[in-house]
Every structure is written in C-alpha cells, then in structure tokens.
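To start, the structure itself, in structure tokens.
In what follows, chains carry the letters A, B, and so on, assigned in the order in which the sequence lines appear, proteins first and then strands, with residues in each chain numbered from 1. For clarity, every value in this text was computed on a predicted model and none was experimentally measured.
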There are 2 protein chains.
Amino acid sequence: MRRRAITSYDVARAAGVSQSAVSRAFSPGASIAERKRAQILAVAAELGYQPNAIARSMSTARSDQPQRSGMVGIIVRRLEDPVFAQTIALFSRILQRRGWHILLFTVDAEREVDEALGALMRFRIDGVIILSALLSRHMAETCHAEGTPVLLYNRSAPGLGISTVQIGNRDGGRSAAALLAAAGHARIAFLGGGDGDATSASREAGLAEGLAEAGLEVFAREEGDYTFTSGREACLRLFARGERPDAVFCASDVMALGLLHAARHELGLAVPGDLSVVGFDDIPAAGWPGHRLTTLRQPVERMIREAVEILIERMETAGLGPRDEHFPAALILRDTVRTVLRR
Amino acid sequence: MRRRAITSYDVARAAGVSQSAVSRAFSPGASIAERKRAQILAVAAELGYQPNAIARSMSTARSDQPQRSGMVGIIVRRLEDPVFAQTIALFSRILQRRGWHILLFTVDAEREVDEALGALMRFRIDGVIILSALLSRHMAETCHAEGTPVLLYNRSAPGLGISTVQIGNRDGGRSAAALLAAAGHARIAFLGGGDGDATSASREAGLAEGLAEAGLEVFAREEGDYTFTSGREACLRLFARGERPDAVFCASDVMALGLLHAARHELGLAVPGDLSVVGFDDIPAAGWPGHRLTTLRQPVERMIREAVEILIERMETAGLGPRDEHFPAALILRDTVRTVLRR
DNA sequence: CGAATCTCTGCATGCGCATGCAATATAGCA
DNA sequence: TGCTATATTGCATGCGCATGCAGAGATTCG
C-alpha cells in the first residue's frame, strides 16, 4: 500500500523545529546553525525523509526566475543502435555526476515527436539534448523559442542560433577518399544512410570532394538506413550490377559491418583483397578481431563532455549565445583497406 | 532569455473564463461544456500554453491519494551493452505509448546506487524498473518499503514480495547442455559473467544439471564480465591450459562473440570444427552471416510488454500482490555447434 | 555594562493546478 | 409559464517547499 510520503512538516514536528528550518537544513548555504542542521538531518534520516523535488521545483518558480526542474530531456531515435546506446550511456553518466536528471524520449515516428515535445514542455525541463534527426529542426526551434536551452548532438540547424556539437563529417569523408585513392582504388562506391539524412549527405560530399582532388568520382551509390541489414542488402545490390565497385565508404560502421559480412560470407569476396571497406564511428564491433574495420573514429567522450558543458552553461546562465563545436574524425587504420597499390 | 511560462491564469484571462475552467478544459472527463472547452483549447493553443506537469503533480497530492508524477524510473547498468540498449529502447517505446515518462539512471558504481535511489524518491516516481544487478536487492527493498511498485527485470529478490519478469536461465542452461551433449562433446566449458552474478550462476547450474543427466560434468570454467573483451580473454585463457575444451557455453552472446572471434581469428581454431560455442540472449550480432551463433533467445518483446503491464497495474491500483512471470528461452540453432557426432 | 552587529529562527506567503462546494445557467416538464 | 433536475461555472483552498522579513538570541567591542 502506497503510503503518504513524509514531508518537511513531519520532520519539523519530530525535531521540534519549524518547517523552514528543515527546508534550510537541506539547502546548502542556507542560514542555519550547523548544530541544528545536523540534528535535523539526523531526524530526517531516521524518518526516511527525502525533500520532494516536485514541490521544490514549484517553489523555485518565484516572481522572476523561471521554474527549474533539474531535468534534462534527451530525445533519441533507435536507441538500440550501438552508436546511440553508447552516446546515451555517456550522457547519462556525465549529467548524473553533475547533478542533473534525465527524462528519456525515444522517438520513432513523426507523431511521437509532438508528443515528446509536449511532454518536455509540460515537465518544464531545463534543457534538451537532441540526437534524433527526425524533425529535430522543428523540435529545436520550438524549445528554443520557449527559451529552453537546446543542444544538437551531431545534428545541425543552421540559422536558428542553437548550440551544436558535431563531428567533422565532410572532412571524414575526405579522409576516406584520400585513403582509398592512395590505395589505388578507382571504383569507389558510397553507402548512405537515407536520402534525407544530412549526416550521410555531408559524409558523401566529403568523399566526392576528396575523390575529385584525386581525379576520381563516386563510382556508385546505394542508400541504407543505418542498420546492419540495410548494409547487407546494399552490398548484395552493389554486386548484382554489371561493373562492381572495388571499395565502399559507408556512412556508418553498422552498415559497413553489414556490407562486410555479406561480402565475405555471402558473396565469398575477400576483404580487403577484392574489396576495401571504410566505415564511420568506430563502434566497438569495428575493432573485433574478425572485423578489424578501417574507419573514422568519433572522439565520443570528448564530444559528450563538451556537449554537457555547453548545455549546463546555458541552463545556469540565461542569455548566452549559441556555441558550435566541431571535432575532427580520426582515421583508424585497420585491415579492411588494402595497402598494396595495384592497378 | 528564458521566459516565464504561460499559466492557466494567462489563458483564463485571454479567454475570459476562470482558471478552473482552463484546468477543466485540459482534464478529460471534467465537467465543462464542450463549446467552452473547445474555445479554451483554441486560446491555449494560440498562446502556446502547456499545463505544468509539476504543478499538476503537486495538486494531485490531495488528502488521501499519494502524489503522482507520471514518471517511471529505470535503473540500468552498462547501457552500451546491446542487450540493455535494446531492452531500454523497448521499455521506452511501450511506456511512452501508454503515457508514462521515463527517468533514466545509469548506475556503475555502488555509490551511484544511493544517489539514484535518492533521486527516485525525491522525484516521487510512480514506479521503478530495475535492470541492474548491482545492489538491486537493496534498492528494490527500499522502494518497495516506500510503497512504490517495483519491477525486477531478469533479476530476482526472493522473499521480498516484488514482481519480476525473468527468462528461464536454468532451463536455458539445460538446453545448451542437452545440445552439446547430443553433439558428442565431452569437454564442455562454461564462461560466466562474474562470481557474484546470479544470472550467470543459474545458467551455469542449468548447464551442470543437464550435463549430469548425460553423465558429464563441466569441464572447465572461466569468468568474464559480460563484455566482448572479457570473452576474448577468457578464450585465450581457456586454450592456454593443457587440456582444451571442445565446447563452451557462454553466459551471454557478447562474451560468446568475444570468444568466437578470439578462437577463429587469434587462435586459428575452426568453429564449430574444433570448438562449439553456444551463447545466450540472441542479440542482433549473433545472427550476422559471419557469426551465425547458436544461442538461446529471450522473447524480449513479450517479456517487456508483460513487465510494463505488471508495473502499470500496480501503479494504478494499490495493494496488488507481486506477480512473477517466467519465459522460456528458445534454442536458436545456427552454425557454431557441430551437428555430426564424432568421438 | 550597554549598544551595535551578526547569526539564527519562525512566520507568512506564493509557486500552478485540481477540485469540493456553492452559485448560477440551462433544460425538462407539467 | 413556473418549478425542479441537471449541467456548468467560479471561488476558495491546499499540495510541499523556499524564502523575504522581522524578531530573538548571541557576540563583539568601546
């Protein structure tokens, strides 16, 4: 049976002090004698009292400051994707350590975007981290208009004045291009993450630029949706054509692994013998002994640390302008790109 | 600049009605004329009003009922593990669809357990889902004592009267044993998830039982920590011994894949030629063409659906007793266990 | 030893909303 | 039309806490 929770009044009565004293005992820096605070805390502990965060949030909504809930909303899509899982895990740890709590929203369909948005507003969250591409612009715009700090992680929304932390997609694509061109590849394909996806588009643009500098162009392209299966299927399509690619740059490691597995185990191709593969992200599975996928690494930890910093800054002091941080993707050379140049 | 949020009073003034009317317009089933409700909702939409969930939560804390926040706490460890990532993703979707919101806690160290616990209590969450083994007992006990419904997912805490949803670990172990024994293996090792881990212990117990029935016993055992790396290292240790195992049952797919990669790509062993491997969980990577890991599948979707059902039931009606649901693990036959019997 | 500080303390109040209650408007009916 | 039953409405209040304010002790210092 759910009991009525213990309130500061209960503690006050038990300790023979006023409710204000109890409140102050739990507010760092409040004006209260150390002795008394200790006594109150002892009584509170005995009764199992925990300040009611909801009520606290209510009362902080005083005349001038806006209400603060101590919660940060995180919006994500496909949390089961290893990249997002790792990202959320890190965000969660760092935010928690800094005393913030996380309201999590998984958004798959457009309809859910509005629901999540509504919930965020209703809960008066203090800030939002958006990882989902899906309508992130609309959502970012709305929150931002409400005055809630927003941080876009690996997304951008130019012109909105919203802070972002991003990996260098274009430069990553260029690195991949340079590597593959140097290895003597001439038929380099691109495997993207979907037509409307800006991340994928930037990576492809970088690839195209880099190839152009080497006098090459993108040999073929396929679209996936960032899943293993889509990488696998794209591989089968790529090799069902007349002229086959001799290298593929994939917009993500997960798709690259799908392509790698299909190539090796379904088509019987040698990688990197018959085909070179480059991924993006450097997820843990990329480094597994049987994969050793050459890829572009995101400095995830540093990026997230920075993202949290930026968001907290803006939650704590109003009126700060947006900050945009870009991080370079590091080329991780493993074993899915041939090193011998052969023509 | 963070603006002061729009309140029901603002809407009331703009619409020329009382604050109560606004409140009722947003409460399904409240006594208000349909016409008026529509008008108020229109004005509210125009002003961008969203009922304040925090204030709402405050006022629902009336004399008899306890306060309700509309939030469910989820406690998890190692969110980056694919099993947990998928689990959280599903929980999140289903809970959201049912109108609940998720307060997420990642707990790695013992110290953080208490922090999370405190936060849960402070936020007056309506229910908790615990996925972390770490001190789950202490936590479950505390919440339960407070009267907050608790659901343990793939954990147990016998004697506490707490609801659980679990996979059949022991029977899963028995299935693995039966399969391996039938394949003619005689030196079957177990790779566990850590000494204190109950899940791992049950799976091992099932294995031992099943082997005993075939007149065998566990040939060797190693401990990992559910990570790929630990599986890989355990493999190296297993094969550094004098007499080598000819099959390994692993407490998780992630470790099984670590072992598989190490065996094939570092030790040059053939799987299943030289060594059979059985995992547990059936994570997506288990089915990848290059792995084709034989494993025990958890009916994750059904389990989570059931778990949510159980929790919601208990959040909505007080005084319900605990419910325990067990689901059978299904043996998924792929290609890492030899089929030809050879002695 | 008294006045001036300074440190604590309790009182009273409001945060935004839901809701019991009484008042009012509307409908139903003879 | 007049009167009762019913549907709406507004008023007033409390949820639990933080905090401005004024008073009460405690401390300092001349």
Would you kindly give the [atom1]-to-[atom2] distance between [X] and [N], to the nearest whole Å?
X: A:Ile54; N: D:dG16; atom1: CD1; atom2: P; value: 11 Å
X: A:Arg122; N: C:dC17; atom1: CZ; atom2: C1'; value: 14 Å
X: B:Met58; N: D:dG14; atom1: CE; atom2: C1'; value: 8 Å
X: A:Arg68; N: C:dC15; atom1: CZ; atom2: C1'; value: 16 Å
X: A:Gln67; N: D:dC17; atom1: CD; atom2: P; value: 15 Å
X: A:Tyr9; N: C:dG10; atom1: OH; atom2: P; value: 13 Å
X: A:Asn52; N: D:dG14; atom1: CG; atom2: C1'; value: 14 Å
X: B:Arg24; N: D:dG10; atom1: CZ; atom2: P; value: 8 Å

Worksheet item: Hey, does B:Ser23 reach any base, or is it just sugar-phosphate, or nothing, if we go heavy atoms under 4.0 Å?
Response: base
**OP:** Tell me what A:Ser20 touches on the nucleic acid: a base, only sugar-phosphate, or nothing, going by heavy atoms under 4.0 Å.
**Re:** base
Note: for B:Tyr49 and A:Gly16 on DNA chain C, the residue whose nearest nucleotide lies more 5' is A:Gly16
Is there a side-chain contact between A:Ser59 and the phosphate of D:dC17, meaning an N or O under 4.0 Å from OP1 or OP2? no
Using a cut-off of strictly less than 4.0 Å, decide whether A:Ser8 has a side-chain nitrogen or oxygen near OP1 or OP2 of D:dC17. yes
When the rotation axes relating C1' atoms of four end pairs to the next four are compared across the helix from C:dC1-D:dG30 to C:dA30-D:dT1, five pairs an end, they differ to 10° by 30°
Closest of C:dC11, C:dC17, D:dC17 to the A:Arg56 side chain is D:dC17
Salt bridge (charged side-chain N to carboxylate O under 4.0 Å, His left out) with A:Glu309: of A:Arg98, A:Arg302, A:Arg323, only one passes, and it is A:Arg98
No-H, no-angle donor-acceptor pair, A:Arg124 side chain to C:dG16 base, under 3.5 Å:
no
**Flag, side chain of A:Ser57 to backbone of A:Arg68, donor-acceptor distance under 3.5 Å** = yes
Partner of A:Tyr153 under side chain to side chain contact (heavy atoms under 4.5 Å, CB included), picked from A:Thr164, A:Ile304, A:Ile130, is A:Ile304
Test side chain to side chain contact (heavy atoms under 4.5 Å, CB included), reference A:Arg314, set A:Asp126, A:Leu320, A:Val150, output is A:Leu320
In short, B:Glu80 meets A:Ala89 closest at the heavy-atom pair OE1-CB, 3.2 Å
Would you find more than 12 non-hydrogen atoms of other residues, nucleotides or ligands less than 6.0 Å from B:Glu46 atom CD? no
Does a salt bridge link [X] with [Y], judged by any charged N lying under 4.0 Å from a carboxylate O?
X: B:Glu301; Y: B:Arg305; value: yes
X: B:Arg122; Y: B:Glu115; value: no
X: B:Glu112; Y: B:Arg77; value: no

What residues 26-47 of chain B contributes to the DNA chain D interface at heavy-atom separation below 4.0 Å is B:Ser31, B:Ile32, B:Ala33, B:Lys36
| task | Go through the side-chain N and O atoms of B:Gln96 and B:Ser92 and say whether any donor and acceptor fall under 3.5 Å apart. | result | yes
